Enquirer: 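The following block contains the structure, expressed as structure tokens.
These numbers come from a predicted model, not from an experiment.
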Amino acid sequence: MILEMKVPSPGESITEVEIAEWLVADGDYVEKDQAIAEVDSDKATLELPAEASGTITFKAEEGDAVAVGAIVCLIDTSAAKPEGGDTTSAKEEKKEEAPKKEAPKATPSETKTYATGTASPAAKKILDEKGMDAKSVSGTGKDGRITKDDAVNAVPSMGTPTSGNRGSSHSKMSMLRRKVAERLVEAKNTTAMLTTFNEVDMSPIFALRKQYKEDFKAKHGVSLGFMSFFSLAVVRALKMYPAVNSMIDGKQMLTYDFVDISIAVSGPKGLMVPVIRNAENLSFRGVESEVKRLAIRARDGKITVDEMTGGTFTISNGGVFGSMLSTPIINPPQSGILGMHNIVERPVAIDGKVEIRPIMFVALSYDHRIIDGKESVGFLVAVKEALENPAELLMDNDVKRALEM
């Protein structure tokens with residue numbers, strides 16, 4: 001019996017996928033539920049499992065865009081499994097090292113040609129200092145050998161020296177990467193994006209983490225990181241400034257009474273933005289557990305489209321890569337994104353005295369069409385206030401209770 005495997009729908013609004021990689025070879029025997037291919041949609045990379053056991057025949061090549069519902073391969077379920085269960089694919093066989101070929105011995109004429117254009121050690125040193133290739137110099141020595149005088153008298157050609165590698169290569173962008181590029185351009189072209197900045201003294205959070213991080217991890221099995229403080233500070237600020245938690249819907253402004261925070265994480269296929277649902281109902285433990293769960297799923301390529309769909313506000317942490325300051329781009333159709341950056345000890349004025357404090361620059365990019373300057377600046381100040389006074393504003397002056405929940 002020949003089973004036609006069709007591309008399943010990975011999520012609402014997705015009409016096609018791209019065959020990123022076949023994990024088996026054409027003609028292999030595959031087992032039911034075995035991952036046979038990785039497919040890219042415009043939101044995620046997903047594995048395609050075999051629907052039955054049998055011999056597989058491809059109907060699409062790597063890099064092909066295939067419509068949802070189209071036949072991607074055939075599986076002959078009547079085929080017998082190879083004896084001994086050996087289903088080593090041709091892909092794996094290709095990885096075996098090819099036998100090395102002996103280099104042909106040089107003939108006398110070839111030896112003479114090789115000597116032509118070679119440089120003496122002293123000449124080579126001079127040419128290297130000039131950034132010149134020996135092949136560009138005519139030698140006056142025996143058999144065309146470049147002498148020291150030849151190297152001294154050689155004049156470098158105008159422009160950049162060409163002795164280094166100047167190669168280039170092309171690689172196809174994945175559907176996910178192309179979609180990200182389209183959305184970034186769309187955000188720049190269709191929103192009135194503006195960015196406002198502030199700085200946060202991270203000393204209070206450093207002190208809390210130093211005092212409670214070991215107990216927190218022992219009790220909950222997750223680390224007490226910065227993301228929970230920032231997420232809960234954003235939840236508080238969005239309640240104070242609901243316009244930042246809004247989107248444009250046609251000619252209307254759609255404002256949400258819940259907070260779904262998109263968090264930008266780096267995955268094997270590039271940047272992904274999974275969503276923490278109803279962050280307003282989560283504790284510090286809840287946020288950290290969800291961040292860890294989503295980050296692991298993104299890293300392992302198991303994140304689903306549903307887990308990256310939606311979101312009313314985004315937090316992006318460029319600080320993990322060493323970024324000091326940036327202007328993050330809005331994630332449409334959202335109207336705001338908060339950019340976190342690296343923490344650096346800087347001299348600051350405290351009560352008329354100069355002190356060294358761990359400072360983070362933060363940036364809020366927002367859609368000026370529905371968010372005014374007063375609201376955007378007020379929102380960022382509210383985030384700053386909560387981060388600089390977390391015990392009172394995020395923990396209701398009961399730190400132990402807040403971290404035990």
Enquirer: Should Gln34 and Tyr29 count as side-chain neighbours, where that means a heavy-atom distance under 4.5 Å?
Expert: no
Enquirer: Should Glu307 and Arg293 be marked as a side-chain contact (heavy atoms from CB on, under 4.5 Å) after you check the CA-CA gap, both sets of side-chain angles, and the distance that decides it?
Expert: CA-CA 11 Å; Glu307 288 173 311; Arg293 182 185 74 84; 2.9 Å; yes
Enquirer: Report yes or no: does Ser246 contribute a side-chain atom to a donor-acceptor pair with the main-chain N or O of Ala243 at less than 3.5 Å?
Expert: yes
Enquirer: Hey, are Lys384 and Glu388 close enough for a salt bridge, meaning a charged N less than 4.0 Å from a carboxylate O?
Expert: yes
Enquirer: Verify the neighbour count for atom CD of Glu129: are there more than 12 heavy atoms of other residues, nucleotides or ligands below 6.0 Å?
Expert: yes
Enquirer: Are Tyr366 and Tyr241, when compared by the centres of their aromatic rings, separated by less than 6.0 Å?
Expert: no
Enquirer: Quick check: does any side chain N or O of Glu62 sit under 3.5 Å from a backbone N or O of Trp22, one acting as donor and the other as acceptor?
Expert: yes
Enquirer: For Arg369, check salt bridge (charged side-chain N to carboxylate O under 4.0 Å, His left out) against everything at least two apart and list the hits.
Expert: Asp367
Enquirer: Would you tabulate the side-chain donor-acceptor contacts of residues 316-328 under 3.5 Å, counting partners in other chains and residues two or more places apart, or write 'none'?
Expert:
{"unit_1": "Asn317", "atom_1": "OD1", "unit_2": "Gly319", "atom_2": "N", "d": "3.1"}
{"unit_1": "Ser326", "atom_1": "OG", "unit_2": "His341", "atom_2": "NE2", "d": "2.7"}

Enquirer: How about Val287 and Leu232: do any of their side-chain heavy atoms sit closer than 4.5 Å?
Expert: yes
Enquirer: Out of the candidates Asn245, Thr191, Asp260, Thr314, only one should pair with Gln334 under the side-chain hydrogen bond (donor to acceptor under 3.5 Å, both in side chains) rule; please name it.
Expert: Thr314
Enquirer: Less than 4.0 angstrom from a charged side-chain N to a carboxylate O is my criterion; do Lys59 and Glu4 meet it?
Expert: no
Enquirer: For residues 188-208, pull every pair meeting ring pair (Phe, Tyr, Trp, His ring centres under 6.0 Å), keeping only residues two or more places apart or in separate chains.
Expert: Phe206-Phe226
Enquirer: Hey, is the main chain of Ser203 close enough, under 3.5 Å, to the side chain of Asp201 for a donor-acceptor pair?
Expert: yes
Enquirer: Taking distance alone, no hydrogens or angles, what donor-acceptor pairs closer than 3.5 Å link side-chain atoms of residues 345-352 to residues at least two apart or in another chain?
Expert:
none

Enquirer: Can you confirm whether Phe379 sits close enough to Phe313 that some side-chain heavy atom of one is under 4.5 Å from a side-chain heavy atom of the other?
Expert: yes
Enquirer: Under the ring pair (Phe, Tyr, Trp, His ring centres under 6.0 Å) rule, collect the residues that match up with Tyr256, sequence neighbours excluded.
Expert: Phe258
Enquirer: Tell me, please, which residues at least two apart from Asp128 pass salt bridge (charged side-chain N to carboxylate O under 4.0 Å, His left out).
Expert: Lys124
Enquirer: Judged by atom type as modelled, is there a donor-acceptor pair below 3.5 Å linking the side chain of His220 to the main-chain atoms of Ser223?
Expert: no
